[in-house]
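Below: the structure, in structure tokens.
Per chain, numbering begins at 1; letters A, B, ... match sequence-line order.
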Protein chains: 2
Amino acid sequence: MAFEEEKKFFESYIREKNLKWSEQRMQILEIFLRNKKHLTADELYRMVKEKFPSVGYSTIYRTLKLLCDCGICSELRLDDGTIRFEHLYRHKHHDHLICLKCGRMVEVVDPEIEKLQERLAKKEGFILERHILLMYGLCPKCQSK
Amino acid sequence: MAFEEEKKFFESYIREKNLKWSEQRMQILEIFLRNKKHLTADELYRMVKEKFPSVGYSTIYRTLKLLCDCGICSELRLDDGTIRFEHLYRHKHHDHLICLKCGRMVEVVDPEIEKLQERLAKKEGFILERHILLMYGLCPKCQSK
DNA sequence: TCCATATTGATATTGAATTTCATTTTCATG
DNA sequence: CATGAAAATGAAATTCAATATCAATATGGA
């Protein structure tokens with residue numbers, strides 16, 4: 001099947017933490033990765049439920065937490081209060097362009113912006129650890145509608 | 001008392017919307033403005049409660065909503081899931097530096113960063129409406145501890 | 001002053017996320 | 001393999017911030 005590398009990575013993380021392998025965890029990881037989009041916990045739950053009707057809501061949350069802990073994914077808290085989970089494994093840091101109409105999300109990076117942020121932080125004496133930049137607007141398709 | 005201008009502004013907004021003036025609304029506005037910090041709804045509730053013990057939780061939320069609607073304040077959704085309300089009246093747009101240790105928030109702006117964001121958006125065909133930039137790190141005081 | 005309408009605050013409700021707990025599964029060891 | 005300690009699961013209960021309900025009250029134009 002697909003995503004062998006990510007699965008291996010997750011399995012070693014689990015082992016390292018003295019946790020146990022489970023069919024559910026692997027299924028959730030696979031279905032999560034199979035989706036390009038940024039999913040909510042509930043969306044992921046529904047997708048997993050299709051292939052694995054007995055799965056519980058808590059298992060989704062628990063697994064997402066593990067996936068975040070080990071760096072495979074991360075939470076993205078949007079302006080409207082929804083939380084979406086994005087792929088992080090072998091995805092470098094990026095910011096987001098988000099369409100206010102259709103919700104499409106584009107991942108972008110601008111090294112200059114990153115540098116300027118560091119400069120700005122230094123000016124105030126802060127040592128930066130991370131940042132979140134969410135840019136909201138209209139995507140090309142939604143502009144013409 | 002203080003904040004006459006903001007109160008006038010709020011009163012005309014209320015009138016414009018065919019809503020009614022109330023003592024609670026004015027008290028909440030005043031106590032909100034008297035605080036420099038970015039408050040949570042609950043923190044504001046407790047502060048209002050001190051002067052106005054009978055006030056209800058819902059009135060805080062309802063008034064905060066009105067204040068956001070008319071542009072006196074705005075919601076700030078932080079990384080840890082908390083929502084804080086910041087002053088917006090006669091405060092131009094700004095981004096935030098947030099200390100991970102003590103929670104201190106510094107409001108900053110860098111016109112260059114703003115320009116680069118526009119450029120980045122244009123590259124993807126987006127028309128930007130707004131953005132959120134939260135920079136997390138350690139403030140000067142917390143670095144030395 | 002009257003009265004339609006908005007506001008209030010106590011309480012109930014919502015909904016996402018988490019916890020609890022009895023049962024099942026995993027996996028190191030014999 | 002077979003065993004058993006420890007972890008994982010899923011259903012149900014719980015949490016908690018935010019919202020809705022509703023009877024009582026306040027506002028403000030006529």
Side-chain angles (χ1 to χ4, degrees), chain A residues 7 10-32 38-70 73-85, chain B residues 7 10-32 38-70 73-85:
Chain A
K7 284 183 186 169
F10 190 35
E11 280 170 16
S12 36
Y13 176 79
I14 284 172
R15 176 159 294 230
E16 188 182 287
K17 291 270 178 182
N18 287 316
L19 306 175
K20 286 173 180 170
W21 183 94
S22 85
E23 183 63 24
Q24 286 91 327
R25 285 176 177 168
M26 292 306 136
Q27 285 286 341
I28 291 169
L29 173 56
E30 176 159 342
I31 291 172
F32 173 70
H38 298 69
L39 295 172
T40 63
D42 188 66
E43 284 165 357
L44 181 58
Y45 170 69
R46 286 165 202 276
M47 307 200 70
V48 175
K49 196 98 181 165
E50 276 180 33
K51 292 238 165 186
F52 220 116
S54 72
V55 79
Y57 217 79
S58 356
T59 303
I60 299 293
Y61 275 103
R62 288 188 281 229
T63 304
L64 277 171
K65 199 172 205 332
L66 283 177
L67 292 174
C68 287
D69 290 347
C70 76
C73 76
S74 78
E75 283 190 348
L76 194 58
R77 289 172 188 271
L78 264 21
D79 220 12
D80 60 358
T82 59
I83 298 179
R84 296 190 166 271
F85 293 84
Chain B
K7 284 181 185 169
F10 190 34
E11 280 170 15
S12 38
Y13 176 79
I14 284 170
R15 178 160 292 232
E16 188 182 287
K17 290 271 177 181
N18 288 315
L19 305 175
K20 286 172 180 171
W21 183 94
S22 84
E23 184 62 23
Q24 287 90 327
R25 283 175 179 168
M26 290 308 135
Q27 286 286 341
I28 291 169
L29 173 56
E30 176 159 342
I31 291 173
F32 172 70
H38 298 69
L39 296 172
T40 63
D42 188 67
E43 283 163 359
L44 181 59
Y45 170 70
R46 287 166 202 276
M47 307 201 70
V48 175
K49 195 97 181 167
E50 275 179 35
K51 292 239 165 185
F52 220 116
S54 71
V55 79
Y57 216 79
S58 351
T59 303
I60 300 291
Y61 274 103
R62 288 187 283 229
T63 304
L64 277 171
K65 199 174 207 331
L66 283 177
L67 292 174
C68 286
D69 289 348
C70 76
C73 75
S74 78
E75 283 190 347
L76 194 57
R77 288 170 189 273
L78 263 22
D79 221 14
D80 60 359
T82 59
I83 297 179
R84 297 191 165 271
F85 293 84

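Between B:Ser22 and B:Gly81, the one whose closest nucleotide on DNA chain D sits nearer the 5' end is B:Gly81. Both A:Arg15 and A:Tyr57 lie close to DNA chain C; mapped to their nearest nucleotides by heavy-atom distance, the more 5′-ward contact belongs to A:Tyr57. Across the interface with DNA chain D, nearest-nucleotide mapping of A:Val55 and B:Lys65 shows A:Val55 to be the residue nearer the 5′ end.
Between A:Thr82 and A:Asp80, the side chains place a donor N or O and an acceptor N or O closer than 3.5 Å (distance only, hydrogens not considered).
Which of C:dG9, D:dT27, C:dT7 sits closest to the side chain of B:Arg25 comes down to C:dT7. Closest to the side chain of A:Arg62, out of D:dG10, C:dG9, C:dT7, is D:dG10. Comparing C:dT7, D:dA8, D:dA12 by their closest approach to the side chain of A:Leu19 singles out D:dA8.
Rounding to whole angstrom units, CZ of residue B:Arg46 and C1' of D:dA17 are separated by 12 Å. B:Leu64 has its CG atom 12 Å from the P atom of C:dT8, to the nearest Å. One can place CD1 of A:Ile83 at 17 Å from P of D:dC16, the figure rounded to the nearest angstrom. With rounding to whole Å, B:Glu11 atom CD is found 14 Å from D:dG28 atom C1'. Taking atom NZ of A:Lys49 as the reference point, atom P of D:dT9 lies 14 Å away to the nearest angstrom. Atom-to-atom, CD1 of B:Ile14 to P of D:dG29 comes out at 13 Å; the value is rounded to the nearest Å. Between the C1' atom of D:dG10 and the CD1 atom of A:Ile28 lies a distance of 11 Å, rounded to the nearest Å. Taking atom CG of residue B:Leu66 and atom C1' of nucleotide C:dT8, one finds them 13 Å apart after rounding to whole Å.
No hydrogens or angles were tested; on distance alone, a donor-acceptor pair under 3.5 Å links the side chain of B:Ser58 to the base of D:dA20. No N or O donor and acceptor, one from the side chain of A:Thr59 and one from the base of D:dA8, sit under 3.5 Å apart. Within 3.5 Å, a donor on the side chain of B:Lys20 pairs with an acceptor on the base of C:dT5, or the reverse.
Within 4.0 Å of B:Asn18, counting heavy atoms only, lie sugar-phosphate atoms of the nucleic acid but no base atom. No engagement by A:Glu23 is indicated, since no non-hydrogen atom pair under 4.0 Å with the nucleic acid exists.
Residue B:Gln24 places at least one side-chain N or O under 4.0 Å from the OP1 or OP2 atom of C:dG9.
In terms of modelled atom types and a separation under 3.5 Å, the side chain of B:Arg25 and the main chain of B:Lys20 share a donor-acceptor contact. A donor-acceptor pair under 3.5 Å links the side-chain atoms of B:Thr63 to the main chain of B:Thr59, judged by distance alone. Side-chain atoms of A:Arg77 come within 3.5 Å of backbone N or O of B:Asp79 as a donor-acceptor pair.
In this structure, the side chains of A:Phe10 and A:Met26 come closer than 4.5 Å at one or more pairs of heavy atoms.
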